[in-house]
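A short write-up of the structure that comes next.
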Amino acid sequence: MDIIFSVAFLLQVFLLSSPALSAGSQHETYRAKHSEEYCAMYDICGQRSDGKALNCPYGSPSVKPDDLLSAKIQSLCPSITGNVCCTADQFDTLRVQVQQAVPILVGCPSCLRNFLNLFCELSCSPNQSLFINVTSISEVNGNMTVDGIDFYVTETFGEGLYESCKDVKFGTMNTRAIDFVGAGASNFEEWFEFLGQKVPPGFPGSPYSILFKTATLDPSPMKLMNASVYSCNDTSLGCSCGDCPSSSVCADPEPSPPSKDPCAIRIGSLKVRCVDFSLAILYIVLVFVLFGWALLQRRRGRRRPESIVEPLLNDRVGEGSSFSPLPKDGNHHVEVQQIDPQGQNVVQFSFVQGCLSSFYRTYGRWAARKPTIVLCSSLAIVVFLCLGLLRFEVETRPEKLWVGPGSKAAEEKDFFDSHLAPFYRIEQLIFATIPESKHGKPPSIITEENIELLFEIQEKVDGIRANYSGLLVSLSDICLKPLGEDCATQSILQYFQMDPDNYYDYGGVDHAEYCFQHYTSTETCFSAFKAPLEPTTALGGFSGNNYSEASAFVITYPVNNAITKVGDENGKAIAWEKAFIQLAKEELLPMVQSSNLTLSFSTESSIEEELKRESTADVVTILVSYIVMFAYISVTLGDKPHPSSFFLSSKVLLGLLGVLLVMFSVLGSVGFFSAIGVKSTLIIMEVIPFLVLAVGVDNMCIIVDAVKRQPSNLPVEEQISNAMGEVGPSITLASLSEILAFAVGSFVSMPACRVFSMIAALAVLLDFLLQITAFVALVALDFVRAKDNRIDCFPCIKLNRSSVEENEGNRQERDGLLTWYMKEVHAPFLGQRVVKILVIAIFLGFTLASIALCTRIEPGLEQQIALPRDSYLQGYFSNISEYLRVGPPLYFVVKDYNYSLESKHTNQLCSISHCDSNSLLNEISRASLVPKSSYIAKPAASWLDDFLVWMSPEAFSCCRKFTNGSYCPPDDQPPCCLPDEGPCGLGGVCKDCTTCFRHSDLVNDRPSTENFRQKLPWFLDALPSADCAKGGHGAYTNSVDLNGYESGVIQASEFRTYHTPLNRQGDYVNAIQAARNFSARISASLKMDIFPYSVFYIFFEQYLDIWKFALINITIALGAIFVVCLVITSSLWSSAIVLLVLVMIILDLMGVMAILGIQLNAVSVVNLIMAIGIAVEFCVHIVHAFTVSLGDRNQRAKTALCTMGASVFSGITLTKLVGVIVLCFATSEIFVVYYFQMYLALVIIGFLHGLVFLPGGIEPVWSSVEIYRYLEDDVPSVLHQNRAST
């Protein structure tokens, strides 16, 4: 929230007298007479103890003034001519006192004129006795003085006065002037009641009561005062559109756009969204089409010839490899089909697959023969990359983690910080009461006990002394001090000037509640830093203006901020913030809880510190996840455990070395990027190894399973060769797809996600290379160990031959067990036509339902999710949304404002009289009238308006100069008035000061370029006070960039307002979008460069186009995978099927996101992109096995499940599942939501699509393809046959 930059002013605008010489005999008898040219009160007969003057209650005829007094009266009260009822001293006093109201109201001349007319008539009208009736008198020092009067005023004048002033702005406070001169009155009766209150001595206000009446009794000599009243849209005294929205020259306020409820269809009492209804209809139609298509295929299948190839799967599948080696002649056609003469081993490859298979077969044999060379050379390269870790750095600054360097918001923030001033640091405490029941209303926090507790806590905060480089730092050393030496702390204690001694002197709780309504008009309510404190900034949990119902204290300590690109200029503040958090945890929290209150707190550095802690908070969880995955890998890679053969069949050492290869790949990737200067995040070291391990384990299992499927009588080199030739192409296809999918994430603008994606992509690439090099060599060594009868983990120990034979039996038993389920249960069940149709229908329903759910995903990233579950900031962010009643500050920044007299820029920006109706500030005022759509809460505080008013001749106490031309301050400021000299008078060193300008010096009420240039620094240095509240020091010190302004162009200036309270992530996104749309429209209209700025824009800008960005990147990832599949398989249909399944998986995953309430942000977008790469594992191996096999469709599906189904289930699904489940115990919410929930959903969805939808749905789809191909091809493909043993 922003700080209220203002000072005390307008304390006695309605007092008509001040201490002066008493006139008239104290023995004269009071007599009342009500007639024209007769006075009801004349001269001054005494003064109160506080120095306020009291009028004489003696009626007398009006007096003809001398020429000088008449001229003075005419200058202020042009409606009064002839005789008057005031002396020269009275009028001079009146002029000095009403000058406090002039700077507030001069922006709207008609309001000012009406306001002055009210007091001119009351003070000097020659017919005063007709509408003034003295109702009570009192004796002061032996003299009779007025103690109460009736003031008869017509309703027409009262309503006209109020209507002309009700919308006049007071820019410094972003509020209405009526809040200052009328205590926020909502009609003229309330305004008159406020003005007529008699106040006790020492308080600002009237020394006697004034009862305003709008009717007289008959018969009565009294008449109603009916002076001329001017409407705010009067052409001769026209106000700006911001001060007078009803003016005919002003456009109507921008209407609030009608709420766009989503299209819905009502079916009885059920209301269904149009999207949902349309998708339901589409599903019904597609199901009917599906069943019709199934019947058609069944009829066509009866006429269709038998399979064009010999059945693939028979009872001997388990005896050897499913795929035979490639021919050795090296001649390949577009499709290479290999058939064992006995019909057992068949493989059909595309040209690229044939080349890859041939390469892997040759390479596998060579790697198995020379494992040491392969292992050492591959590891040497990775170790070389790891040397980059010497330059390893971690980035923890939130703006560097979550904001891209090309961000428009980042550029605007840099411009704002460098030309104006960085937004101050925020340190905050929130105290709140606890509801008596779960759903009850919390009690008010405005009690004597709670305020006294607040004083105790404030004393402890003031006592903080933080050590920074040997210096003791206190709050006073770092806090923001707009005026004087007092911190601009936003606290209810400011109504007592932060002094506990004032608490009972001022009246305790009653005084605080009084200040809630009179904080702008009562001096004792002003803060210690001499400015009014708006209750909305210090209270929370109330509705409307019912401040007494507030259930929370909000204490904010603004601290000076600095641009930290170079050095550590904020070191003192950070040191104090750490001490502040420690105090809050150790002392303040127990104090507050003992009083049955809650406490939440935060500092500017809290998020960064908590992110650092989060990076190490889940180390144990991650390690457990790795250990669980390692244990599972060891079990999976080995054969079925058997006591007699466990030490031979286990693969613990191979699994451990495989995990180490994964770690090497991650370290090599991080080392490479560290070497080129890319900073990492600690979360990378936790998530990426897990991610790469989950991906890499799949290939390990597939390679080992493929080797174990080879005939055991073959040499190890041939087993490795055949296995690599069999699975090498699919591993390459899956790995390239994953690498491309991960690499697409590097296009994300958020640095943390971009670096995450780049490191993950390179890590997966290195892991793939290590798997086909180092891991293959390790597999060869391990199988040699097993054949050589050596114990796992202790290869120096050998077993006897019987153990080896028993191990072989166990191995065959395990292979048979894995294939039995797929062959005898899973594949036959999915092979039934009815099941296939149901599978397609069910999965199609899931996909369409997910499309409907996707529209419910909201953009954003809840701040609580990005922090540890046990972070003290969790409660703070919840309380911010629940209690705060003021939104973030909003600045409209204007670039290159040309203030020369010839330029139109001044009138295009300002909002006082003679400004353009469509000026920036007028448009901001209009937008604030429709806050639900504009998200702008108030009119803007305008340094330009206040500067023009400050220079105006009407504001005769503001812009003044000595006879030598130097700046002369107002009469109530030094050197005109010194604090130790008592009440300030009109004499002294400033008696000869004159206004800076006369009307003749202005052109259309605007100063010349030279005067503007000269007086602007005066204004920015001028202290505001009661005599001139428009001084710019404090309120606008940092609002204007004076660097180079002498050229006639101000490079940067800002106009400050507020957003409406923003409680949801969607509110923040909508607010920045609305502000940018508004600025774009105004910039185009005025042809000026204007942009909005708020502290949160830099973090929420990404969500403006997150949907567009997500869809583009997902499409690129899917397209890249489709191209890779097409190139490697040379099959359009198989590539299309892989693409279709991936699209379905991603849609289903997004549907789960909607159900779980997971928002769309850079983290989830990267997860979706990487999910595409991971999902490839679930389908590409099955599709590859289906396409390279021969036989009828059922046999292909059955073969795909028997050869790859077990590997997909055990090596892909279960491996990821056991690793992901451990993450649910993480302390970081972001781990649980974006890694546990999303990846668990991905594993389940991928498993269902890979092992249920693909085998069940691929055959019906492929049947159409086969029929088409059979009818089109006259000659079957050339068949190349070769024995599997060659």
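Computation of the quantities below employed the complete heavy-atom set of this structure, encompassing side-chain atoms and omitting hydrogens, waters and symmetry-equivalent molecules. These figures come from a predicted structure and were not determined experimentally.
Note that NZ of Lys1030 is 8.5 Å distant from SG of Cys1028, once rounded to the nearest 0.5 Å. In this structure, the separation between NE2 on His914 and CG on Leu948 is 11.0 Å, given to the nearest 0.5 Å. Here the CD-CE distance, from Gln458 to Met498, works out to 3.5 Å after rounding to the nearest 0.5 Å. Note that the OH atom of Tyr967 and the SG atom of Cys959 stand 7.5 Å from one another [nearest 0.5 Å]. Considering CZ of Phe1078 and CZ of Arg926, their distance stands at 9.5 Å, rounded to 0.5 Å. Atoms OG and CD, from Ser928 and Glu923 in turn, are 11.0 Å apart once rounded to the nearest 0.5 Å.
The backbone N or O of Asn898 lies less than 3.5 Å from a partner atom in the side chain of Ser903, making a donor-acceptor pair. One N or O on the side chain of Asn502 and one on the backbone of Phe496 form a donor-acceptor pair closer than 3.5 Å. Side chain of Thr1037 to backbone of His1033: no donor-acceptor contact under 3.5 angstrom is found. Under the 3.5 Å distance criterion, the side-chain polar atoms of Glu427 are left unmatched by any main-chain donor or acceptor of Pro558. No donor-acceptor pair closer than 3.5 Å links the side chain of Ser1094 to the backbone N or O of Leu890. Judged by distance alone, with hydrogens and angles left aside, the side-chain atoms of Ser491 form no donor-acceptor pair with the main-chain N or O of Gln494 at under 3.5 Å. A donor-acceptor pair is defined here as one N or O able to donate and one able to accept, closer than 3.5 Å; such a pair exists between the side chain of Ser1079 and the backbone of Ala1075. A donor-acceptor pair under 3.5 Å is absent between the side-chain atoms of Gln428 and the main chain of Val554, judged by distance alone. Arg1013 contributes a side-chain N or O that, together with a main-chain N or O of Glu1046, makes up a donor-acceptor pair within less than 3.5 Å. Side chain of Asn561 to backbone of Phe423: a donor-acceptor contact under 3.5 angstrom is found.
Residues Tyr1058 and Pro931 have side chains not in contact (no heavy-atom distance under 4.5 Å, counting atoms from C-beta outward). The side-chain heavy atoms of Tyr557 and Ile426, taken from C-beta on, include no pair separated by under 4.5 Å. In this structure, the side chains of Val1003 and Leu901 come closer than 4.5 Å at one or more pairs of heavy atoms. When side chains are defined from C-beta on, Trp1018 does not count as touching Met951, because their heavy atoms never get closer than 4.5 Å. Between Cys976 and Cys968, some side-chain heavy-atom pair lies under the 4.5 Å cut-off. Side-chain contact between Leu105 and Cys111 is present, with heavy atoms from C-beta onward closer than 4.5 Å. Proximity of Leu195 to Leu118: side-chain heavy atoms (C-beta onward) are separated by under 4.5 Å at one or more points. Counting only heavy atoms from C-beta outward, the side chains of Thr906 and Arg1006 approach each other to under 4.5 Å.
Here the two rings, on Phe892 and Phe1055, have centers that are 6.0 Å apart or farther. Phe1012 has its ring centre less than 6.0 Å from the ring centre of Phe947.
The shortest non-hydrogen separation linking Thr1057 to Ala940 is CB-CA, 3.9 Å. Across all their heavy atoms, Gln490 and Thr537 have their closest contact at OE1-OG1, 3.3 Å. Shown here for Pro975 and Pro969, the closest heavy-atom pair between the two residues is CD-CG, 3.7 Å. The two atoms that bring Ser1083 and Asp1089 nearest to each other are OG-C, 4.3 Å, heavy atoms only. Shown here for Ala1071 and Phe1096, the closest heavy-atom pair between the two residues is CB-CZ, 4.2 Å. Between Asp945 and Cys910, the shortest heavy-atom distance links the atoms OD1-CB, 3.1 Å.
Using modelled atom types and a 3.5 Å distance limit, the side chains of Ser476 and Lys481 yield a donor-acceptor pair. For Asp946 and Tyr1036, the side-chain atoms include at least one donor-acceptor pair closer than 3.5 Å. With no hydrogens or angles considered, no side-chain donor-acceptor pair links Tyr519 and Ser527 at under 3.5 Å.
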Inset, instruction - Kindly determine whether Cys515 and Cys525 satisfy disulfide (SG to SG under 2.5 Å), including the steps that lead there. - result: CA-CA 5 Å; Cys515 291; Cys525 293; 2.0 Å; yes
Inset, instruction - Start with the C-alpha gap between Val893 and Ile1090, add the side-chain angles, then the distance that decides, and say whether side chain to side chain contact (heavy atoms under 4.5 Å, CB included) holds. - result: CA-CA 6 Å; Val893 182; Ile1090 303 170; over 6 Å; no
Inset, instruction - Evaluate the criterion side chain to side chain contact (heavy atoms under 4.5 Å, CB included) for residue pair Lys961 and Thr994; output intermediate values, then yes/no. - result: CA-CA 6 Å; Lys961 59 185 178 180; Thr994 58; 3.9 Å; yes
Inset, instruction - Decide yes or no on side chain to side chain contact (heavy atoms under 4.5 Å, CB included) for Glu1054 and Val894, but give the supporting numbers first. - result: CA-CA 6 Å; Glu1054 53 89 352; Val894 178; over 6 Å; no
Inset, instruction - List the steps, then state whether side chain to side chain contact (heavy atoms under 4.5 Å, CB included) holds for Val1040 with Leu1016. - result: CA-CA 10 Å; Val1040 183; Leu1016 181 58; 4.2 Å; yes
Legend entry - Verdict with supporting geometry, Lys938 and Glu534, salt bridge (charged side-chain N to carboxylate O under 4.0 Å, His left out): CA-CA 13 Å; Lys938 299 180 178 182; Glu534 195 169 358; 2.6 Å; yes
Inset, instruction - Kindly indicate, with the supporting measurements, whether the criterion salt bridge (charged side-chain N to carboxylate O under 4.0 Å, His left out) is fulfilled by Lys904 and Asp916. - result: CA-CA 9 Å; Lys904 298 180 180 179; Asp916 294 348; over 6 Å; no
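Using cut-offs of 30° and 60° on the angle between ring planes, the pair Phe416 and Tyr891 is tilted.
In this model, Cys108 has its SG atom no nearer than 2.5 Å to the SG atom of Cys165.
Among residues two or more places apart in sequence or in another chain, the side chain to side chain contact (heavy atoms under 4.5 Å, CB included) test is passed with Ala1052 by Phe415, His419, Leu420, Asp1041. Legend: residues meeting side chain to side chain donor-acceptor pair (under 3.5 Å) with Ser919, ordered by chain and number and at least two apart, are Asn922.
Environment of NZ in Lys413: sparse, with no more than 12 heavy atoms of neighbouring residues, nucleotides or ligands closer than 6.0 Å.
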